[in-house]
Amino acid sequence: MAQITITLPDGAQRMYEAGITGGEVAADISKSLGKQAIACTLDGQFRDLSRPIENDAQLAIHTIKDEAEALELIRHDSAHIMARAVQEIWPDVKVTIGPVIANGWYYDFDREEPFTPEDLEAIEKKMRDIITLRDPVRTETWERARAIAHYEAANEPFKVELIDAIPEGEDLRMYWHGDWQDLCRGPHLAHTGQVPADAFKLTRVSGAYWRGDSKNKQLQRIYGVAFRTRQELKAHLLQVEEAAKRDHRRLAKEMDLFHLQEEAPGMVFWHPNGWSIYRGLEEYMRRRQIEDGYKEIRTPQVVDRKLWEASGHWDKYRENMFITEIDEEHANEKRTNALKPMNCPCHVQVYNQGLKSYRDLPLRLAEFGSCHRYEASGAMHGLMRVRGFVQDDGHIFCTQEQIQEECAKFIQLLSRVYKDLGFDEFKIKFSTRPDQRIGTDAEWDVTEGALESAIKSIGMDYEVDPGEGAFYGPKLDFKLTDAIGREWQCGTFQVDSQLPERLGAEYVGEDSDKHRPFMLHRAVLGSFERFIGILIENYAGKLPFWLAPRQVVVASIVSDADDFVNATVEMLRKQGIRAEADTRNEKINYKVREHSLGKVPVILAVGRQEVENGTVSMRRLGEKQSVVLPREDVLATLSNEALAPDQVAR
RNA sequence: GCUGCCGUGGCUCAGGGGUAGAGCACUCCAUUGGUAAUGGAGAGGUCGUGAGUUCAAAUCUCACCGGCAGCACCA
C-alpha cells in the first residue's frame with residue numbers, strides 16, 4: 001500500500017496508507033474528534049468523511065462548531081431524512097429534489113393527497129426516529145445506465161428525468177442511510193444522529209411546479225428550518241415573529257393607513273393617515289426632481305388601443321392590461337381603450353407636440369402617473385404588489401452623448417433620495433444585452449458603454465447580470481437594503497431607442513437634419529404604494545417625524561387643561577405640524593398607551609402644572625421618560641424637526 | 001393563474017345541523033386621574049355571495065368572490 005501525507009490546517013503532517021478516509025483520520029487524531037467530525041474539506045473540496053483519500057492532500061476536519069459547514073450539512077441531511085420519513089410513511093410518494101435554502105431546506109414530493117398539518121407532525125416524529133437510529137451515511141459512484149435502471153425499477157420518474165439532465169461524463173453519486181437511497185451531489189453528515197433532533201421544524205407546505213415551470217406538474221413542497229441548537233431555532237422563530245410584527249398590512253390597520261376590499265382587488269383605499277404619508281413622499285419627490293431639472297406633466301389614464309398597438313404594448317403586454325369598451329349607446333363609434341399600464345407612450349406624445357431642437361435636450365419629463373396592471377390574483381400582496389399604483393416615473397429624451405451624464409445625475413438623485421428616506425445601502429445590477437433584442441451590436445456597445453462608464457465614474461460597485469437587459473436596451477436596477485436586511489428592487493434606469501422609433505420622436509440637430517432621440521426610462525421609488533409598504537416595514541411603523549401621519553398628540557391630564565391643549569394644537573397646526581388634541585375623559589396612561597401603539601412620535605401631556613407654567617410634558621415614541629419644557633421651545637424644536645430632509649438648511 | 005388553508009359584530013378570534021359567543025374598540029353613567037389599559041351599564045352580526053341537501057344550514061355539498069402562504073408571473 002502506498003503511503004500518503006495528510007497536511008492539517010495547523011501545518012501538522014501525518015502519514016497514512018492510501019485509501020484511508022477522512023473519518024478515520026479524524027478518529028486517529030483524537031477519539032473525540034472522531035466522534036464530533038461531520039465532514040471534511042480535502043484540497044478545498046467539501047467532502048464526506050467516508051470517502052477514501054488516495055493522494056497527498058490538505059485536509060480540514062469539520063465539526064458542528066464550523067457554523068457554515070455544519071448548517072449546510074444539517075439542512076441538507078434534514079432534507080434527505082425528511083424525504084426518507086415521507087417514503088417510510090407513504091411508500092408510493094415520489095421524490096424529486098430537496099435543496100438547502102436560507103435557514104433551512106425544502107423538498108418537493110409528488111403525492112395525490114395534500115399533506116396536512118397533522119401529516120407534518122407525523123413526518124417530524126418519524127424524522128426524529130430516523131435521527132435516533134444514527135444510521136451511517138454511505139455513498140457510491142454509479143454508472144449513468146445503472147442509476148437510470150435503478151430509478152425506473154423503483155418507479156421514480158422524476159429522478160430519471162434529473163439524471164437525464166446531468167451532463168454526460170459527470171459522476172453520479174448515490175447516498176444511503178438505512179435502506180433509503182437518494183441521488184445527490186453530497187456531501188453528507190457521517191450518520192443521521194448528527195442532525196440535532198430538537199433544532200429543526202417543518203414550517204409549511206405549499207405547491208411548487210416541477211422544475212419551476214408552470215406548464216409542468218405541480219408538486220407538494222414541504223419547507224423546514226434547521227439549526228445547530230434548540231436555542232438557535234428558538235431565536236430564529238422569534239425573529240420570524242418580529243418580522244411579522246412589521247408587516248405593513250398589520251401596521252396599516254393599527255395606524256389606520258389604508259384598506260383594500262374585494263370590490264377593487266389590488267387597488268388601495270387610502271385613509272387620511274396613509275394619504276398623509278403618500279403626500280409627504282410625493283411632495284418631497286416633486287421638490288427633489290424639480291431641483292434636478294425635471295418638468296412635471298400629467299397624461300391620460302384611459303387611452304385608445306391605437307396608441308398601445310403603436311407602442312407594442314397591445315402585442316406584448318395585453319394580458320396585463322385593463323381593457324375598456326365604451327357603451328355603444330353613448331358613443332357614435334365603438335372604441336376600445338386601455339387603462340395605461342405604463343406612462344412611456346404618453347410621454348412620447350407630449351414630447352412630440354411641437355418641433356424639438358437639440359437645444360431642448362436633455363428634456364426630462366416626470367409624472368406621478370397612475371397606472372393599472374392586471375396582476376395575477378395570487379401575485380397581489382398588500383401594498384407591495386397591487387393592480388392600481390402610481391409611479392414616480394420619468395423619461396429623459398436625450399442624445400447618445402448625453403446618456404452618460406444623465407445616468408450619473410440619476411444615480412446621484414437616487415442615492416440622495418434613498419439616504420433621505422433612511423436607506424443608506426443599495427446595490428446596483430447592470431443588465432446587458434439579451435439574446436432576444438433589437439438594434440445593432442454597435443448601438444448596444446454605445447448604450448452599454450455609456451451606462452457602465454457612468455456607474456464607474458460615480459465609483460460605485462455593481463453586479464453585471466449578462467443577458468438580463470430589456471429587449472430595447474440595457475438597464476440598471478437598484479436594490480435597497482432595509483433595516484432587517486431584506487432587499488427590495490425599487491429604482492430602475494433603462495436606455496431605450498425602440499419607443500422613440502415606433503412613436504416617431506425626433507429632434508432637429510445642429511446639422512438641421514432630423515434625428516431620433518434616445519429615451520431613458522427611470523424611477524427612483526418604483527411605485528408609491530410599494531415604497532410606502534417598504535417604508536412602513538423598514539421603520540416598523542415608527543416613521544421619521546416629517547413623514548409621520550400624526551406627528552403630535554396633545555393630551556390633557558385633567559379636563560381643566562383642555563383649553564390649553566386646544567390652544568397648543570392650534571399653534572402647532574399654524575406651524576404646519578400635524579397635531580391632534582386628546583381631551584377625552586381618560587387617564588393619561590390610557591392615552592399614552594393608545595398613541596404609542598398608534599406610533600405617534602411625540603405626545604405632549606398637559607396637566608395643571610403645565611397650564612400654570614406655560615409648559616408641556618414631552619414624551620417621544622420609544623422613550624420611557626418625559627421632559628417638561630416651555631411650550632415655545634417645544635414649538636420651535638418640533639417645527640424644525642417637521643422639515644423634510646431636502647428642506648433642512650445645511 | 002396553480003396548490004393548500006381561511007372568510008363569524010369596527011378589530012382579533014372561539015364555536016359549529018335546531019333562540020349567535022369572548023376580549024378590545026364604540027355609546028352612556030360615574031370617576032379629574034401625572035406618562036403603555038379606572039369602574040359600571042348599553043348598543044352592535046340575515047356567520048363572504050349564490051345554489052343544493054335537509055323538517056331545519058352560520059354549521060354539510062358544489063360553484064363563485066376575496067384573503068393568506070408558497071409556486072409561477074413581475075419586458
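This structure is a prediction, so every number in the text was calculated from the model and none was measured.
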Comparing nearest nucleotides in RNA chain B, the 5'-proximal residue of the pair A:Val628, A:Lys253 is A:Lys253

Walking RNA chain B from its 5' end, the first of A:Lys316 and A:Gln625 to be reached, judged by nearest nucleotide, is A:Gln625

Could you identify the nucleotide paired to [N], looking across every strand shown and requiring Watson-Crick or G-U wobble geometry with both distances under 3.5 Å?
N: B:rG50; result: B:rC62
N: B:rA37; result: none
N: B:rA43; result: none
N: B:rU3; result: B:rA69
N: B:rG10; result: B:rC24
N: B:rU32; result: none
N: B:rC74; result: none

Taking NZ, NE, NH1 and NH2 as the nitrogens, is one of them in [X] or [Y] under 4.0 Å from a carboxylate oxygen of the other?
X: A:Asp441; Y: A:Arg433; value: yes
X: A:Glu242; Y: A:Lys245; value: yes
X: A:Glu501; Y: A:Arg516; value: yes

Exercise for the section: State, without any angle test, whether A:Glu580 and A:Gln551 hold a side-chain donor-acceptor pair at a distance under 3.5 Å. Expected result: no

Is it true that the side chains of A:Ser431 and A:Asp465 contain a donor and an acceptor less than 3.5 Å apart?
no

Determine the Euclidean distance between corresponding [atom1] atoms of [M] and [N]; express it in Å to zero decimal places.
N: B:rG44; M: B:rA36; atom1: C1'; result: 28 Å
N: B:rA43; M: B:rA20; atom1: P; result: 16 Å
N: B:rC64; M: B:rC28; atom1: P; result: 47 Å
N: B:rU61; M: B:rG17; atom1: P; result: 11 Å
N: B:rC6; M: B:rG15; atom1: P; result: 12 Å
N: B:rG50; M: B:rU27; atom1: P; result: 32 Å
N: B:rG45; M: B:rU8; atom1: C1'; result: 8 Å

Reckon [X] touches a base, only the sugar-phosphate, or nothing at all at heavy-atom distances under 4.0 Å?
X: A:Tyr317; answer: base
X: A:His381; answer: sugar-phosphate
X: A:Glu610; answer: base
X: A:Glu586; answer: base
X: A:Ala605; answer: base
X: A:Leu597; answer: base
X: A:Lys624; answer: sugar-phosphate

Nearest to side-chain heavy atoms of [X], which nucleotide of [options]:
X: A:Ile557; options: B:rC11, B:rG70, B:rG34; value: B:rG34
X: A:Arg608; options: B:rC71, B:rA36, B:rU32; value: B:rU32
X: A:Arg249; options: B:rG33, B:rA37, B:rA69; value: B:rA69
X: A:Val558; options: B:rG67, B:rA25, B:rG33; value: B:rG33
X: A:Arg619; options: B:rG1, B:rA36, B:rG34; value: B:rA36
X: A:Arg204; options: B:rG70, B:rG7, B:rA72; value: B:rG70
X: A:Glu262; options: B:rA37, B:rC65, B:rA72; value: B:rC65
X: A:Ser206; options: B:rA37, B:rA69, B:rG34; value: B:rA69
X: A:Val592; options: B:rA36, B:rU38, B:rA72; value: B:rA36

I need the [atom1]-[atom2] distance between [X] and [N], as an integer number of Å.
X: A:Gln609; N: B:rU35; atom1: CD; atom2: C1'; result: 13 Å
X: A:Glu594; N: B:rA25; atom1: CD; atom2: P; result: 8 Å
X: A:Asp119; N: B:rC5; atom1: CG; atom2: P; result: 11 Å
X: A:Arg584; N: B:rA37; atom1: CZ; atom2: P; result: 14 Å
X: A:Tyr590; N: B:rU38; atom1: OH; atom2: C1'; result: 11 Å

Other residues, nucleotides, ligands: >12 heavy atoms within 6.0 Å of A:Gln625 CD | no

Could one point to a donor on the side chain of [X] or the base of [N] with an acceptor on the other under 3.5 Å away?
X: A:Ser559; N: B:rU32; answer: yes
X: A:Tyr209; N: B:rG1; answer: yes
X: A:Arg385; N: B:rC73; answer: yes
X: A:Gln261; N: B:rG67; answer: no

NZ (A:Lys591) and OG (A:Ser596) are apart, to the nearest 0.5 Å, by 13.5 Å

Scanning both residues in full, the closest heavy-atom pair of A:Ser527 with A:Phe389 reads CB-CD1, 3.7 Å

